[in-house]
Each structure stands twice: as C-alpha cells, then as structure tokens.
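Since the model is a prediction, treat every value here as computed from it, not as a measurement. Hydrogens, waters and symmetry mates play no part in the numbers below; they use all other heavy atoms, side chains included.
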Amino acid sequence: SDISAGRFVNPGHDIECSWFLMEEAKYEDDPELRAKAMEVFDMAIERGWDLTLFNRGQHIHGIPEGANIVTVNINDDEAVRRAMEGKHYDVIAQWIAFKPERVQRDIDLFLGKCDQYILISSAAAYERPMRTWRITESLSLNNRYWQYGRDKRACEATALAAYREKVEGERREARVS
C-alpha cells in the first residue's frame, strides 16, 4: 500500500492522547477507559516511538510500561542539563509551566536539544466570560478575571516570541547563504 501509517497514526498525538485518557480514567475510576488508553499508547510504542519522562520519582504510578523514566527534578537546571547531555528529542512537551519565566528557562535549557517544543496551555487563558461553550484558538486570549489564566497567556506569548525569533533567524541565515 502507498498510504503512510502516519495518516492513521500520529504517534506524538497518540502518546499525548493516551496520557489525557489515562488521567480521565483515573479521575472517573474507569478501568475500561484506562485499558483503551494503554492500547493507544502501546500502538505508538509498537510503531517505534518512544516516550521519555522527566520525573522526580515521587509519583511513578500510572506511567505506561515502555516509557523511559529519567529521575530528575525539573526545577534543578544543572541536573536537567546533565540528564540531557548527549541526547536529542524529537519533541519536548511541557505540561507544568505556569509562569513565563519557566517557559523562558525551558527555551534556554532545551534549545538545540529538541526539534519541537510544545507548551501545553490551558483553556483558562481564553476570554471570560465565554461567548460560547466551544473553546477554539480563535477566541481571544484575554482572561481578565483569573491570574492563572493571564500567566498561561504570558507563557504562550513567551513561547511564540521565541518561535518567531527562531524563524526570523533561519530566514536571515537563508538570505545570507
């Protein structure tokens, strides 16, 4: 067949989706949903994708079998640098950045260590009151009522500014060569 498996399976999103499903299964105490989430994760792993988790080692229950665990405190910059020495990742997904300083620190730490940095944000960043029940990226990032939402918006702005700076740098390099 000339059809790419990537059209049916996007392992990065499969892993991300399985994590969300596992969290929901834990919240709802739903073993059937957890089993389905593990099927999705296992399918991505079977296709050759791997998952490395940086974890302090205090809460390792629920981590899927087959995940590589790096025990390190993500708040210890030097320990993270040592743990990443000589390694390169396709994607680094940041789940716990709540302040723009943390995102900037990630950019400084992970620059050159990954091909893509994904900041997991929050619906709290979007405008309030909601005009509709559906949250899409076309909504205004303007939560005037909750500091957490404003901080997540600032995190997004920090990541976007770094991306734009990188793209502009690549364009300048392309013009020079």
Side-chain angles (χ1 to χ4, degrees), residues 9-27 34 37-126 137 141 143 146-170 172-173:
V9 178
N10 183 327
H13 289 294
D14 289 352
I15 290 171
E16 176 187 21
C17 180
S18 68
W19 184 86
F20 281 125
L21 289 171
M22 282 186 271
E23 287 297 302
E24 181 68 15
K26 182 171 59 174
Y27 178 77
R34 179 163 173 41
M38 290 307 301
E39 281 181 42
V40 171
F41 178 81
D42 291 343
M43 185 173 49
I45 297 300
E46 287 167 11
R47 285 179 167 63
W49 293 86
D50 62 344
L51 172 65
T52 300
L53 296 172
F54 280 45
N55 185 291
R56 292 176 300 193
Q58 296 174 345
H59 302 286
I60 59 171
H61 60 281
I63 292 177
E65 188 176 318
N68 304 307
I69 301 170
V70 176
T71 303
V72 65
N73 182 342
I74 196 68
N75 295 311
D76 183 341
D77 294 359
E78 286 310 310
V80 171
R81 278 190 186 88
R82 285 191 303 274
M84 294 183 73
E85 196 167 309
K87 295 186 174 81
H88 185 86
Y89 300 95
D90 294 324
V91 176
I92 293 178
Q94 171 56 281
W95 301 85
I96 57 172
F98 307 114
K99 298 282 187 180
E101 301 81 30
R102 174 71 172 261
V103 173
Q104 185 59 56
R105 189 212 63 160
D106 284 355
I107 292 163
D108 296 341
L109 270 174
F110 302 145
L111 191 63
K113 294 290 185 180
C114 66
D115 294 330
Q116 185 176 16
Y117 174 84
I118 298 174
L119 172 65
I120 306 298
S121 191
S122 169
Y126 292 102
E137 290 187 354
L141 288 169
N143 185 334
W146 192 11
Q147 186 61 47
Y148 171 76
R150 290 190 299 275
D151 289 344
K152 289 301 268 189
R153 179 184 66 209
C155 288
E156 289 190 29
T158 299
L160 189 56
Y163 170 75
R164 287 180 176 143
E165 184 178 312
K166 180 181 184 292
V167 168
E168 283 304 312
E170 289 170 357
R172 281 190 297 276
E173 279 183 30

What distance do [X] atom [atom1] and [Y] atom [atom2] have between them, rounded to the nearest 0.5 Å?
X: Leu53; Y: Thr71; atom1: CG; atom2: OG1; result: 10.0 Å
X: Phe54; Y: Ile96; atom1: CZ; atom2: CD1; result: 12.0 Å
X: Asp106; Y: Tyr117; atom1: CG; atom2: OH; result: 3.5 Å
X: Tyr163; Y: Gln116; atom1: OH; atom2: CD; result: 9.5 Å
X: Arg81; Y: Asp76; atom1: CZ; atom2: CG; result: 10.0 Å

Expected output: side-chain Arg34 to main-chain Ala25 donor-acceptor under 3.5 Å: no
Any donor-acceptor pair under 3.5 Å from Glu85 side chain to Lys87 backbone: no
Residues Asn143, Tyr126; criterion side chain to side chain contact (heavy atoms under 4.5 Å, CB included); working and verdict: CA-CA 5 Å; Asn143 185 334; Tyr126 292 102; over 6 Å; no
Partner set under ring pair (Phe, Tyr, Trp, His ring centres under 6.0 Å) for Tyr148, not counting sequence neighbours: Trp146
Smallest separation among heavy atoms of [X] and [Y], with atom names:
X: Asp151; Y: Phe98; value: CB-O, 3.2 Å
X: Val72; Y: Val80; value: CG2-N, 3.9 Å
X: Pro100; Y: Cys155; value: N-SG, 3.5 Å
X: Lys152; Y: Ile120; value: NZ-O, 3.1 Å
X: Arg153; Y: Leu141; value: CD-O, 2.8 Å

Stepwise side chain to side chain contact (heavy atoms under 4.5 Å, CB included) test for Arg105 and Asp77: CA-CA 8 Å; Arg105 189 212 63 160; Asp77 294 359; 2.9 Å; yes
Contact list for residues 158-167, test salt bridge (Lys or Arg N to Asp or Glu O under 4.0 Å), sequence neighbours left out: Lys166-Glu170
Lys26/Glu23 salt bridge by N-O under 4.0 Å criterion: yes
Side-chain heavy atoms of Leu109 within contact of Lys113, under 4.5 Å: no
Side chains of Glu101 and Thr158 in contact at under 4.5 Å (non-hydrogen atoms): no
Asn75 vs Arg102, side chain to side chain contact (heavy atoms under 4.5 Å, CB included): CA-CA, chis, key distance, verdict: CA-CA 9 Å; Asn75 295 311; Arg102 174 71 172 261; 3.1 Å; yes
Side chain to side chain contact (heavy atoms under 4.5 Å, CB included) assessment of Ile107 paired with Val103: CA-CA 6 Å; Ile107 292 163; Val103 173; 4.0 Å; yes
